[in-house]
Trainee: 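Could you have a look at this structure, given as structure tokens, before my questions?
Source: prediction; values computed, not measured. Each ligand, and each atom within it, is numbered from 1 in the order the structure gives. What's counted below: heavy atoms across the whole structure, side chains too, no hydrogens, waters or symmetry copies.
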Amino acid sequence: MVVSLGIVDPNSNETWLIEATPDFPKQMEILTGNNFDKLKGIFLTHAHIGHYTGLIHLGREVMDTKSVPVYSMPKMTKYLKSNGPWSQLVKLENIKIKQMKNNRTVKLNDRLSVTPFIVPHRDEYSETVGYKIDGPNLSLIYIPDIDKWEKWDENILDIVKKNDYALLDGSFFNNAELPHRDMSEIPHPFLIESMTKFESLSTNDKTKIHFIHLNHTNPALIDNSNETIQLKTNGFQVASLKQVFLLSD
Ligand SMILES: [Zn+2]
Ligand SMILES: [Zn+2]
């Protein structure tokens, strides 16, 4: 399935979802057992098809939801409000847009908060954000799409050190997946580039890194491929379906 991340509070039974992917119905079933009352909000990252088109399921023809909070950045909000069919979701109040600001924390409840931060990416229709999720005493970084690490004015190594989990863009392993294109022109950090970037981290910091958003061509999706073994040998992991990251110890 296309990558998304659920946030679950076992104390209150509330859930939130980061991304509304084309697999939204299946992901909602996994997350809430189709009890949509548990869904307290959806956080969007950007306007590329794998990340927001699942919103279509909230509309009149399908779930016909009532005012589901959708957290969205300013350009993303403008895009949704001014283009059908998304504008209809707003007009009919299937969704209620909550506009976020860069680096401004959204408090979900006493135990959980979410903070968006802008990252460089191909921004045709919207800006792109990653998220920091703070739990009772642990935190997680979620960055599904980003241009090369060097194009970001933040230091990803420091971010990994300061947080407990880092779910990072692992779209492509290397340019062998894209034979006719120049590696420097692909707007993602290749896994071979990320492994070099993160080489200096301690063993403990490396285990925080779980790669996500793998393209179907990525050999690291295959158990026991040479590339998967190479990743693991270097201390990194690929996130798996239904993997749970605890935010309290
Ligand atoms: Zn994208
Ligand atoms: Zn993407």
Trainee: Hey, what's the angle at the Zn ion (ligand 2) spanning NE2 (H213) and OD2 (D145), nearest 10 degrees?
Mentor: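 Vertex the Zn ion (ligand 2), arms to NE2 of H213 and OD2 of D145: 90°.
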
Trainee: Are F236 and K208 close enough, and set up right, to give a side chain to side chain contact (heavy atoms under 4.5 Å, CB included), and what steps lead you there?
Mentor: CA-CA 8 Å; F236 308 105; K208 298 173 180 176; over 6 Å; no

Trainee: Which residue is it: D145, T128, T21? I am looking for the one with a side chain to side chain donor-acceptor pair (under 3.5 Å) to H51.
Mentor: D145

Trainee: Using a 6.0 Å cut-off, check whether atom CZ of F117 has over 12 heavy atoms from anything other than its own residue.
Mentor: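 More than 12 heavy atoms, drawn from other residues, nucleotides or ligands, come within 6.0 Å of this atom.
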
Trainee: Has H121 got an N/O/S atom less than 2.8 Å from the Zn ion (ligand 1)?
Mentor: yes

Trainee: Under 2.8 Å from the Zn ion (ligand 2), is there an N/O/S atom belonging to H51?
Mentor: yes

Trainee: Output every pair passing ring pair (Phe, Tyr, Trp, His ring centres under 6.0 Å) with a member in residues 16-42, not counting sequence neighbours, ordered by first then second residue.
Mentor: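 For residues 16-42: none.
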
Trainee: Counting backbone and side-chain atoms alike, is an N, O or S atom of H46 positioned under 2.8 Å from the Zn ion (ligand 2)?
Mentor: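 Short answer: no, not a single N, O or S atom is under the cut-off.
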
Trainee: Using only N, O or S atoms, tell me which atom of H48 is closest to the Zn ion (ligand 1).
Mentor: ND1

Trainee: Side chains of S72 and T77: donor-acceptor distance under 3.5 Å anywhere?
Mentor: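 S72 vs T77: donor-acceptor pair found between side chains.
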
